[in-house]
Colleague: 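Sharing a structure below in structure tokens format, with a few things to ask.
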Amino acid sequence: MATVQPPRHKHIVLTSHPGNFGQDSIEIKWGEADPNERGPIIATLGNRAHRNVIGTHSGGYAVYRALAVASGSLERDHRADLTNTAPTVSIGPHASWTVPDKIISLDPFGALDQELFSDLRAEGYDIRPSIAITKAHINIPELQEAVNQGRIHVDGKILKDGGELLVTKAAIEPAWHLPGIAKRFSVKESDLRRTLFEQTGGMFPELVTRPDLQVFLPPIGGHTVYILGDLEAITDPDRPLAVRIHDECNGSDVFGSDICTCRPYLVHGIEVALETAQAGGAGVIIYARKEGRALGEVTKFLVYNARKRQEGGDRADTYFTRTECVAGVQDMRFQELMPDVMHWLGITRIDQFVSMSNLKYDAVTQSGIEIVERISIPEGLIPADAQVEMKAKKAAGYYTEGDVPDETVLTQTIGRQYEDA
Ligand SMILES: [Zn+2]
């Protein structure tokens with residue numbers, strides 16, 4: 001049991017007055033090519049005068065940190081010891097980092113590459129990475145099966161004997177440049193700030209009181225990038241690149257639920273990425289923490305019940321309507337922000353885009369990245385119960401090489417019923 005310590009601060013210091021918060025801060029000039037000109041993101045809670053952003057590091061996990069401090073298991077002013085935490089590979093800088101408004105939802109310099117801002121850190125500025133890059137061996141059982149069936153081969157370098165896949169992976173926390181976000185969604189920045197303030201229950205007053213602070217670290221999940229093959233191939237126009245952008249679906253990705261195609265499609269994406277890497281190119285899997293179309297898992301499970309219990313059963317023709325009944329919208333993933341990760345990687349052309357989503361395709365191509373070929377999920381990988389989702393999505397405009405299901409097909413595509421419904 002942790003010992004509870006008395007709070008050290010006698011009074012609460014509000015963040016809405018420039019006199020304290022950000023008094024000695026370094027200005028952020030978003031989009032500047034030279035990182036020292038651009039300035040570091042400083043979200044420290046130790047020295048408030050140094051802060052130059054709204055919010056704090058670690059996304060939603062900041063709440064657990066608060067609990068750790070409140071319960072006495074973490075020092076309020078703990079400073080991260082970053083010895084040996086530097087990236088295993090260097091990513092960027094790429095030309096896309098400085099094209100105005102190209103990257104507005106993450107900090108391209110967030111990996112603190114090559115001793116970035118070390119002078120300022122030596123001066124006492126608590127500058128933390130928002131991106132971490134490491135290496136891993138991953139093991140996907142389905143890939144072993146693909147080896148056994150002769151679809152892919154062990155090369156001993158990227159795919160080892162025994163099914164180990166060697167990857168470079170990067171975890172990225174979001175950092176929103178509010179003027180850029182407002183511009184991308186064609187809304188007024190003041191309206192965006194006010195709505196963010198209100199819809200988080202007033203969590204970040206500076207959104208409305210401190211228009212001078214333009215960067216917000218939102219309490220949401222970010223992205224994880226898995227890179228297969230040679231990193232250099234990602235930006236080399238003479239070498240092929242395969243990309244799958246996958247939105248989190250814990251039920252299928254981890255637990256193998258058969259109501260959707262998420263895990264089978266993710267694994268297919270990894271297989272395509274591996275083949276491309278083995279052919280001298282690179283494969284990139286981007287995993288976005290946007291559970292249940294960014295509606296959350298509670299909403300998702302409520303929708304499952306609504307779908308399965310409706311009159312006439314779980315049908316493709318009412319697939320989107322049931323989500324809309326519960327959530328008010330079909331989807332809140334806002335793919336408009338997603339290409340930022342690709343621009344951080346310096347991607348300008350994708351030879352094989354492993355996704356059928358028209359929203360993703362439009363977002364990627366409209367952001368200036370060329371897509372050469374779209375790869376659907378092979379029919380044989382679609383679980384029977386997931387045909388409801390697949391047919392509904394194809395009818396709604398998702399990419400397919402086959403027929404677009406008509407109204408009759410949609411009403412006749414019925415999923416599994418609850419036995420005790
Ligand atoms: Zn799913």
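Keep in mind that the numbers below use all heavy atoms, side chains included, and drop hydrogens, waters and symmetry copies. Indexing begins at 1, ligand by ligand and atom by atom, following the structure's order.
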Colleague: Does any non-hydrogen side-chain atom of Phe353 lie less than 4.5 Å from one of Ile245?
Modeller: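 Yes, side chains in contact.
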Colleague: Give a yes or no on whether a salt bridge exists between Asp126 and Arg128, defined as a side-chain N under 4.0 angstrom from a carboxylate O.
Modeller: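 Salt bridge between Asp126 and Arg128, a charged N being under 4.0 Å from a carboxylate O: yes.
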Colleague: Can any side-chain N or O of Asp340 pair as donor or acceptor with the backbone N or O of Ile104 at less than 3.5 Å?
Modeller: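 Yes; judged by distance alone, with no hydrogens or angles, the pair exists.
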Colleague: One thing to verify: whether Arg263 and Glu142 come together as a salt bridge, which I'm taking to mean a side-chain N less than 4.0 angstrom from a carboxylate O.
Modeller: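 The answer is yes: the pair qualifies as a salt bridge.
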Colleague: Less than 4.0 Å between a side-chain N and a carboxylate O, is that true for Arg38 and Asp107?
Modeller: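 Counted as a salt bridge, because a side-chain N and a carboxylate O are separated by less than 4.0 Å.
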Colleague: Could you grab the distance from atom CD1 of Ile54 to atom OG1 of Thr209, nearest 0.5 Å is fine?
Modeller: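 Between Ile54 CD1 and Thr209 OG1, I get 7.5 Å after rounding to 0.5 Å.
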Colleague: Near the Zn ion (ligand 1), which protein N/O/S atoms fall under 2.8 Å?
Modeller: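 Within the sphere that stays under 2.8 Å of the Zn ion (ligand 1), the protein atoms of type N, O or S are Cys249 SG, Cys260 SG, Cys262 SG.
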